[in-house]
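Comments concern the structure below.
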Amino acid sequence: MRDKTHMEQVERWAHYVKEHPAQWKKEHTAFIDSVYRMACDAIWRLSQQPGGREKIITLRGIKNTKGYPTLLGGKFTDLKPFKGGNGTEHVSEQVDETLYGD
Amino acid sequence: MDRSISDRSILDKFCTEFCAVVEKYAKYIIVSGFLAIAAGRTRATEDIDMILERMDKAHFERLHNDLVRHGFVCMQSDSSEVIYDDYLTQKTSVRYTYKNQHVPEMEIKFSKDALDTLQLKNRMKIPQTGLDVWFGSPEMTIAYKEDYLKSDKDMEDAKHLRIVFDVEERKINECKKLIQMYR
């Protein structure tokens, strides 16, 4: 059970959304997009580790592995830059691949 | 409420593109957490939940093939026959993503009872979200989260929806009665 300050923050933000219909969306989009970018970067880093692709398949419950050829079977250089909601491309920071072995 | 494309999040874009394909083939509604998120709740989600009206296998094959043409892939199988026979008609959901991206997902299931049918019949577009997609009603979503799902996350979603939308308590109570009857 979360403490009551968590619900208070939910309420404060909901009132902000209601009272600022033209303003909330920009902040909201930045938040949502940043969460997805972090998730995609983390999954990419996992895919570079030994056994990482198998972990992704298990984590995501992917049965149709053919549908994700570059995510699950290719190299980082095969991956397309992640596209944000505003169409801008997000390129993951280059990572020293020697950290992750083969 | 008009919003520029640059205001759209990754989730908005994914949902809008997916629904634009589905719209050509069947009635659908987006339900549960994504309604709260599209209405401003600051949390992310891995999946957007869609209830799809039931259809025959040939019609679903056309829908699936069109989704594939538009860059979507089903996590469970490439075969529309497998998706239809082994999942959707067995009351099991399937998940579509953009090809080569593991998130976000659209989790689809067929309408399974009178409650789903009623929600499809009463579907609505919600201007506050700025999205041109069909949603289940905020009242039903609140009722479902408060009386059926009940996790912290769901109670917070319900609170957010109660504040953002001018919901009628009477309608929420009617929805809660329906949920008790069917679920």
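Everything numeric in this text was worked out from a predicted model, so none of it was measured. Order of the sequence lines sets the chain letters (A, B, ...), proteins ahead of strands, with each chain counted from 1.
If you measure heavy-atom distances from B:Glu46 to chain A, the contacts under 4.5 Å come from both the backbone and the side chain. Proximity to chain A is limited to the backbone of B:Tyr98, based on heavy atoms less than 4.5 angstrom apart. Contact annotation for A:His15: both backbone and side-chain heavy atoms come within less than 4.5 Å of a heavy atom of chain B. If you measure heavy-atom distances from B:Ile37 to chain A, the contacts under 4.5 Å come from both the backbone and the side chain. Heavy atoms of B:Asp78 lying under 4.5 Å from chain A belong to its backbone as well as its side chain. With a threshold of 4.5 angstrom between heavy atoms, A:Ile32 approaches chain B through side-chain atoms but not through N, CA, C or O.
In terms of non-hydrogen atom pairs under 4.5 Å with chain B, the most contact-rich of A:Gln9, A:His28, A:Lys66, A:Met7 is A:His28. Interface check for chain B: of the options A:Ala30, A:Ala14, A:Ala39, A:Gly61, the most heavy-atom pairs under 4.5 Å are formed by A:Ala14. Considering only heavy-atom pairs separated by less than 4.5 Å from chain B, the leading option among A:Val17, A:Ile62, A:Ile43 is A:Ile43. With chain B as the partner, the residue from A:Lys26, A:Glu19, A:Glu11 showing the most heavy-atom pairs under 4.5 Å is A:Glu11.
The residues B:Lys13 and A:Asp33 are annotated as not salt-bridged, no charged nitrogen and carboxylate oxygen being separated by less than 4.0 angstrom.
Between B:Met75 and A:Thr65, the closest side-chain pair of non-hydrogen atoms is not below 4.5 Å. Contact annotation: the side chain of B:Arg41 approaches that of A:Val10 to within less than 4.5 Å [non-hydrogen atoms, C-beta and beyond]. Put simply, the side chain of B:Glu105 reaches to within 4.5 Å of the side chain of A:Arg60, judged on heavy atoms.
Heavy atoms from other residues, nucleotides or ligands lying under 6.0 Å from NZ of B:Lys109 number 12 at most. In the displayed structure, B:Lys125 atom NZ is contacted under 6.0 Å by more than 12 heavy atoms of other residues, nucleotides or ligands. Within 6.0 Å of NZ in B:Lys57 there are more than 12 heavy atoms belonging to other residues, nucleotides or ligands. Around atom NZ of B:Lys121, no more than 12 heavy atoms belonging to other residues, nucleotides or ligands sit under 6.0 Å away. In this structure, B:Asp132 places its CG atom where only 12 or fewer heavy-atom neighbours from other residues, nucleotides or ligands lie under 6.0 Å away. For B:Glu23, the CD atom sits in a packed shell: over 12 heavy atoms of surrounding residues, nucleotides or ligands are nearer than 6.0 Å.
The line from NZ of A:Lys63 to OG of B:Ser77 is 10.5 Å long, rounded to the nearest 0.5 Å. One finds the CE atom of B:Met155 at 13.5 Å from the NE2 atom of A:His6 (value rounded to the nearest 0.5 Å). Between A:Ile57 atom CD1 and B:His102 atom NE2 the span is 13.0 Å, to the nearest 0.5 Å. In this structure, NZ in A:Lys18 is found 4.0 Å from CG in B:Asp166, a value given to the nearest 0.5 Å. Taken from CD1 in B:Ile83 to CG in A:Asn64, the straight-line distance is 8.0 Å, to the nearest 0.5 Å. Interatomic distance, A:Phe31 CZ to B:Ser9 OG, rounded to the nearest 0.5 Å: 11.0 Å.
Hydrophobic cluster membership differs between B:Ile172 and B:Tyr144, with clusters built from Ile, Leu, Val, Met, Phe, Trp and Tyr side chains linked at under 4.5 angstrom. Under a hydrophobic-cluster definition in which Ile, Leu, Val, Met, Phe, Trp and Tyr are linked whenever side-chain heavy atoms come within less than 4.5 Å, directly or via other members, B:Phe34 and B:Leu149 are assigned to different clusters. Linking ILVMFWY side-chain heavy atoms closer than 4.5 Å, directly or via other members, places B:Val31 and B:Ile179 in two distinct hydrophobic clusters. Residues B:Tyr148 and B:Ile142 are members of separate hydrophobic clusters, defined by side-chain heavy-atom contacts under 4.5 angstrom among Ile, Leu, Val, Met, Phe, Trp and Tyr. B:Leu11 and B:Leu131 fall within the same hydrophobic cluster, defined by Ile, Leu, Val, Met, Phe, Trp and Tyr side-chain heavy atoms under 4.5 Å apart, directly or through other members.
In this structure, B:Ala44 and A:Val35 approach most closely via the heavy-atom pair CB-CG1, 3.5 Å. Across every non-hydrogen atom of A:Cys40 and B:Val103, the tightest pair is SG-CG2, 4.1 Å. Residue A:Pro69 comes nearest to B:Lys99 through the heavy atom pair CD-NZ, 4.3 Å, listed as atom of the first residue, atom of the second, then distance.
Remark: side-chain polar atoms of A:Trp13 are paired, donor with acceptor, to backbone N or O of B:Gly40 under 3.5 angstrom.
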Working for side-chain hydrogen bond (donor to acceptor under 3.5 Å, both in side chains), residues A:Tyr68 and B:Thr97
CA-CA 10 Å; A:Tyr68 304 86; B:Thr97 64; 2.7 Å; yes
side-chain contact (heavy atoms from CB on, under 4.5 Å) assessment of B:Thr42 paired with A:Glu27
CA-CA 9 Å; B:Thr42 44; A:Glu27 296 167 53; over 6 Å; no
